[in-house]
S.K.: 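Sharing a structure here in structure tokens format.
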Amino acid sequence: MLWRAGLVLLLCWGATGEVPNQFRDSPEHEDPTSDLQADSVTVGARQQRSPPPVEPLDFGFVPAAVYDTHVYYEPGPIRVLFHIVHAFLYLVQPNPFPKDLIVSAIQQNPGGIKLDDYRKLADKPENVLLMLQAIYYEAGFLVCVCLGSVFLLLTPVVGLCFCVCRCCDNCGGEMHQRQRKNADCQRSFYTAALIVTSILITFGVLIAHAANQNMTSQIKATRRFISTNMRDMKTLANNTPAQIDYLTAQYTTAKNKVLSDLDNIGPLLGGRIQTQLEKEVVPTLDMALRTVGAMRETKEALESVSSSLEVLQEGTSRLAFRLALERTSLSNTLSDPACSNGAVSRTCNNIRSTLKQLETNGNFSGLPDVSPQLASLDIVMKADLSDIIQKGYSSFNDTPRMVQDQTKNVVSGVKAMLDKIGGEIVGFSKMFPVEPSLVNFTIFLNLEQKKMEANYPKIDEMDFNRWIGGVALLCTVVLVLAFNFLGLLCGTCGYDKQATPTTRGCLSNTGGNLLMAGVAFSFLFLWWLMGFVSAGFVFGGNVEKLICEPLANKELFKVIDTPYMVHPAKKNFLPALLFQKPNMDLTVGSLYRDCSVNSGLYHALQLETMFKINTFLNTTVYNKDLAKVFEGVKIDLHSMMLLEQEGRDSLLTFSNTGIGELNYAAYLAEVNKGVTLVDLLAFANELEAQADLLPRGALENALKGHASSIRQIHREQVIPVEQAMSTLSQSIRLLQRTAKELPVKVTNILSAIDAAEYLITHNASHVVKQETDAYMNNMIGYFRQYTKWVKDSLEGEVAQCKPISNIIDTMELVACSFIFDSLNTFWFGLGGSCVFLVLSIIISVKLAKYYRRMDTEDVFDDGQENW
């Protein structure tokens with residue numbers, strides 16, 4: 001009863017403690033995350049992206065208990081004898097373990113079978129059937145027992161008859177030996193047979209003595225197993241409170257991670273809200289910021305138009321003046337009298353006809369001025385729209401700080417709730433007297449160990465008496481062997497072939513008498529030796545076949561764990577014994593299997609069905625109050641302004657600068673014209689070609705001088721004007737494109753900013769709710785990790801029950817390997833000796849005739865023997 005009470009205290013309180021009734025299977029304490037999960041499903045249907053994975057937490061390792069017991073036995077050379085005995089028992093009893101027979105017998109006779117009930121067995125057909133099945137199963141043992149019983153009964157009867165018969169000078173009792181032709185051959189044969197038989201008997205004695213000695217040695221070694229098993233049970237009891245405290249303390253790991261996330265709620269929650277909103281906000285601000293670049297480009301283009309226009313107006317004026325001078329000078333040259341000659345005059349006339357082409361082509365003085373547009377743009381640029389947009393960026397990037405400031409009360413509330421939860425967990429772990437109970441259990445173990453150690457001398461004394469008894473049994477056989485070997489020694493050494501049966505020597509006669517003494521002692525001891533062998537065979541053999549073998553292959557657990565086996569009203573006796581809950585699916589076999597792999601008691605005893613630790617943790621660690629706190633999170637983003645009114649006015653002013661009203665067609669028409677009516681380089685080349693047609697002289701040289709002057713005008717004045725026209729053309733085309741896109745672009749920017757600000761001020765609550773739920777689920781994920789780790793630790797690392805399976809394995813080792821293997825080997829060796837003792841009796845009687853001195857002998861005529 002004390003063992004049972006201590007075991008219950010250790011298993012139940014040491015693993016978990018008793019859970020209050022309000023945490024057991026109460027429907028109002030269901031998993032509070034069910035509502036949260038329903039909400040998360042609703043939100044998840046609207047989510048644009050999956051929530052971030054929960055960061056794994058490191059809870060460390062539960063302090064592990066180190067157990068000393070290693071149930072292992074190496075019998076050494078005697079293992080061969082054990083295998084021989086097992087093979088013999090299998091030969092006698094080859095039937096498999098009768099599980100169904102045992103279960104049926106116990107269930108049909110739950111109260112057992114009393115002596116008075118045996119007379120009523122015939123009235124129950126089912127009992128008759130069970131008896132027949134038992135007889136069939138035990139057939140091998142029954143046959144051997146019958147043979148042993150016959151041997152046991154016949155041996156003293158035969159011995160008595162043999163003694164009386166010899167006293168009547170029969171059965172070899174007549175002291176007369178007839179002379180035979182093959183006497184020496186028969187004597188040699190009997191001598192050899194007796195030697196072999198005695199050696200075999202000696203082997204049997206040695207086998208039995210080895211088994212007897214092995215049992216004594218192994219019983220002494222049992223103390224080490226008892227000591228280590230008790231020490232392991234103490235280790236289990238002493239380590240369990242520290243392991244439970246470690247589980248409780250690791251709540252701090254999850255709590256600290258949650259506190260860290262709460263302290264960083266701005267970057268975490270605010271950052272996620274900002275990430276969701278930036279899909280709409282940042283592209284809008286980027287578009288507005290690009291508009292600032294467009295303003296700069298527009299201003300640069302207007303300035304380029306203004307400067308290019310001035311350059312063109314001035315350049316074309318100077319070019320027109322130079323061309324007019326050059327045209328007058330060339331006309332004067334063509335007025336030279338040399339041009340009046342017939343052939344020369346035609347060339348001069350050709351040149352004179354092209355003089356009107358030496359004029360400018362464009363008129364830039366009539367193009368409209370861009371100074372008003374440039375002045376308006378200067379006013380817009382003074383507002384520094386870029387700085388205003390950067391303020392919008394800053395306002396949007398300030399979302400984490402806004403979240404941090406606006407959730408201070410929520411954070412403080414959650415922190416207080418976490419402290420309360422930690423206190424509840426610690427209080428729950430301290431609610432039950434786990435440590436005092438385990439201390440009492442340890443004291444109980446110490447007392448039991450002291451009681452066992454106090455019985456060691458008695459056990460040693462009992463084992464010594466058993467050993468002496470075994471040696472005494474063997475000494476009876478050794479005594480017979482001594483007579484046999486001494487008789488053989490004396491008879492062989494004292495035998496004289498020349499001596500007649502009546503004249504044999506004293507030594508030979510002594511040998512024969514010793515052999516007959518061995519026969520006498522054989523008849524005296526053999527019957528009760530065989531009685532001991534038969535009893536040991538029936539007892540030890542059945543224990544080996546019905547207990548040890550099924551215990552080794554765990555078939556015995558199937559019998560023990562049969563439903564309603566122990567009590568007709570209790571399905572499983574182990575939970576009924578420990579917890580008064582017979583319907584629990586807990587069996588000895590499952591307990592042994594789980595403890596063999598060093599699982600925790602919480603898993604091995606299926607304590608979750610009783611204590612509902614997960615329900616307690618779900619109710620305590622992440623409860624509905626935590627969800628309600630986060631449901632109250634209100635984040636106001638109305639103060640966020642992406643673009644101030646000044647920035648809006650700047651954009652509108654930019655779109656109304658008047659660049660769209662410029663006469664781009666007039667500009668493009670002028671810049672598309674050439675600088676002059678004719679290409680001056682081509683004109684100069686043609687002039688030189690015409691001059692080459694003239695006779696050499698002053699006219700030719702003058703015309704070539706004019707050609708050179710025209711090239712100089714092209715190089716010095718036409719090329720700069722062309723460059724200015726190209727710049728003006730590029731600027732005008734840029735302004736034309738800008739003027740065409742500007743109103744739509746500004747309108748789109750302002751609309752996008754309005755839409756983003758509307759999203760922030762009106763629809764941000766949806767984003768806030770979505771991200772708050774994700775943030776809350778992330779923190780709940782830390783607690784889920786903690787509860788899962790607690791469950792896994794309880795199942796595999798806390799109160800590891802290897803000592804329980806070690807106790808069962810030790811019991812099997814001590815009972816079967818140490819005791820019954822040795823016992824079975826003892827009777828096996830002694831039984832073999834008894835069998836050969838029968839042969840020894842027959843051979844010794846036959847052989848003694850050749851050694852003993854006879855009273856009479858055969859006498860033949862003429863002194864010759866008739867062979």
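Fair warning: this is a prediction, and the values are worked out from it, not measured in the lab. Just the heavy atoms: all of them, side chains too, but no hydrogens, waters or symmetry mates, feed the values below.
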S.K.: For Phe82 versus Pro75, what's the shortest heavy-atom pair and its separation?
M.R.: CE1-CB, 3.9 Å
S.K.: Just so I know, are the side chains of Asn484 and Ile195 near enough to count as touching, which here means a heavy-atom distance under 4.5 Å?
M.R.: no
S.K.: Could you tell me if Asn824 and His86 have a donor-acceptor pair between their side chains, going purely by distance under 3.5 Å?
M.R.: no
S.K.: Side chain to side chain contact (heavy atoms under 4.5 Å, CB included), that's the test. Do Phe523 and Val519 meet it? Break it down for me.
M.R.: CA-CA 6 Å; Phe523 277 116; Val519 172; 3.7 Å; yes
S.K.: Please determine whether a side-chain nitrogen of the Lys or Arg among Arg79 and Glu74 lies less than 4.0 Å from a carboxylate oxygen of the Asp or Glu.
M.R.: yes
S.K.: Has Tyr90 got a side-chain atom pairing as donor or acceptor with Asn95's backbone, closer than 3.5 angstrom?
M.R.: no
S.K.: Tell me, yes or no, whether the heavy-atom count around Lys220 atom NZ, taken from other residues, nucleotides or ligands under 6.0 Å, exceeds 12.
M.R.: no
S.K.: Are the side chains of Ile226 and Tyr456 in contact, using a 4.5 Å heavy-atom criterion?
M.R.: yes
S.K.: What are the two closest heavy atoms between Val477 and Ser833, and how far apart are they?
M.R.: CG1-CB, 4.2 Å
S.K.: Inspect the contact between Glu461 and Lys458 and indicate whether a charged nitrogen and a carboxylate oxygen are less than 4.0 angstrom apart.
M.R.: no
S.K.: Please determine whether ring pair (Phe, Tyr, Trp, His ring centres under 6.0 Å) holds for the pair Phe537 and Phe828, giving the CA-CA distance in whole Å, both sets of side-chain angles, and the decisive distance to 0.1 Å.
M.R.: CA-CA 8 Å; Phe537 166 72; Phe828 179 78; 9.9 Å; no
S.K.: For a side chain to side chain donor-acceptor pair (under 3.5 Å) with Thr69, tell me which candidate from Thr810, Thr228, Asp809 qualifies.
M.R.: Thr228
S.K.: Give the C-alpha distance, both sets of side-chain angles, the deciding distance and a yes or no for side chain to side chain contact (heavy atoms under 4.5 Å, CB included) between Met516 and Val845.
M.R.: CA-CA 6 Å; Met516 292 308 298; Val845 170; 4.3 Å; yes
S.K.: Do any N or O atoms from the side chain of Asn513 and from the backbone of Asn509 form a donor-acceptor pair under 3.5 angstrom?
M.R.: yes
S.K.: Please determine whether side chain to side chain contact (heavy atoms under 4.5 Å, CB included) holds for the pair Gln218 and Asn214, giving the CA-CA distance in whole Å, both sets of side-chain angles, and the decisive distance to 0.1 Å.
M.R.: CA-CA 6 Å; Gln218 298 307 327; Asn214 181 73; 3.6 Å; yes
S.K.: Quick one: does any side-chain atom of Glu555 pair with a main-chain N or O of Lys99 as donor and acceptor, under 3.5 Å?
M.R.: no
S.K.: Output yes when a side-chain donor or acceptor of Asn446 lies under 3.5 Å from a complementary backbone atom of Thr442, and no otherwise.
M.R.: yes
S.K.: Can you say whether the rings of Phe818 and Tyr73 are parallel (under 30°), tilted (30 to 60°) or perpendicular (over 60°)?
M.R.: perpendicular
S.K.: Please tell me whether Arg593 and Ser599 have a donor and an acceptor in their side chains that are separated by less than 3.5 angstrom.
M.R.: no
S.K.: Indicate whether the side chain of Ser590 and that of Thr587 have a donor and an acceptor atom separated by less than 3.5 Å.
M.R.: yes
S.K.: Quick check for you: to the nearest 0.5 Å, what is the distance between Phe151 atom CZ and Met530 atom CE?
M.R.: 4.0 Å
S.K.: Judged by atom type as modelled, is there a donor-acceptor pair below 3.5 Å linking the side chain of Ser817 to the main-chain atoms of Val814?
M.R.: no
S.K.: Is the side chain of Asp232 donor-acceptor paired with the backbone N or O of Asp68 at a distance under 3.5 Å, no angle test?
M.R.: yes
S.K.: Fit a plane to each ring of Phe464 and Trp467, take the angle between them on a 0 to 90° scale, and name the class: parallel (under 30°), tilted (30 to 60°) or perpendicular (over 60°).
M.R.: parallel
S.K.: In Å and rounded to the nearest 0.5 Å, what is the CG to CD1 distance from Leu194 to Ile201?
M.R.: 8.0 Å
S.K.: Main chain of Lys802, side chain of Ser805: is a donor-acceptor contact present, judged purely on distance under 3.5 Å?
M.R.: yes
S.K.: Roughly how far apart are Ser840 OG and Phe483 CZ, rounded to 0.5 Å?
M.R.: 12.0 Å
S.K.: How long is the gap from CD on Gln213 to CD1 on Ile78, to the nearest 0.5 Å?
M.R.: 9.5 Å
S.K.: Working to the nearest 0.5 Å, report the span between CZ of Arg223 and CD of Glu453.
M.R.: 9.5 Å
S.K.: Is there a donor-acceptor pair closer than 3.5 Å between any side-chain N or O of Lys571 and the backbone N or O of Met584?
M.R.: no
S.K.: State which residue, out of Met233, Arg231, Lys234, fulfils the side-chain contact (heavy atoms from CB on, under 4.5 Å) condition with Gln449.
M.R.: Lys234
S.K.: Should the pair Glu448-Lys451 be classified as a salt bridge under the 4.0 Å nitrogen-to-oxygen rule?
M.R.: yes
S.K.: Report the C-alpha distance between Phe444 and Asn440 in whole Å, list the side-chain angles of each, state the deciding distance to 0.1 Å, and finish with yes or no for side chain to side chain contact (heavy atoms under 4.5 Å, CB included).
M.R.: CA-CA 6 Å; Phe444 167 74; Asn440 293 336; over 6 Å; no
S.K.: Taking the side chain from Ser227 and the backbone from Arg224, do they hold a donor-acceptor pair closer than 3.5 Å?
M.R.: no
S.K.: In this structure, which one of Val157, Leu154, Thr155, Leu153 forms a side-chain contact (heavy atoms from CB on, under 4.5 Å) with Trp527?
M.R.: Thr155
S.K.: Could you pull out the closest heavy-atom pair between Ala65 and Thr235, with the gap in Å?
M.R.: CB-CG2, 3.9 Å
S.K.: Measure the spacing between SG of Cys595 and CD1 of Ile808 and express it to the nearest 0.5 Å.
M.R.: 7.5 Å
S.K.: For the residue pair Leu546 and Tyr137, establish whether any side-chain heavy-atom pair is separated by less than 4.5 Å.
M.R.: yes
S.K.: Parallel, tilted or perpendicular, judged at 30° and 60°: which one describes the rings of Phe525 and Phe521?
M.R.: parallel
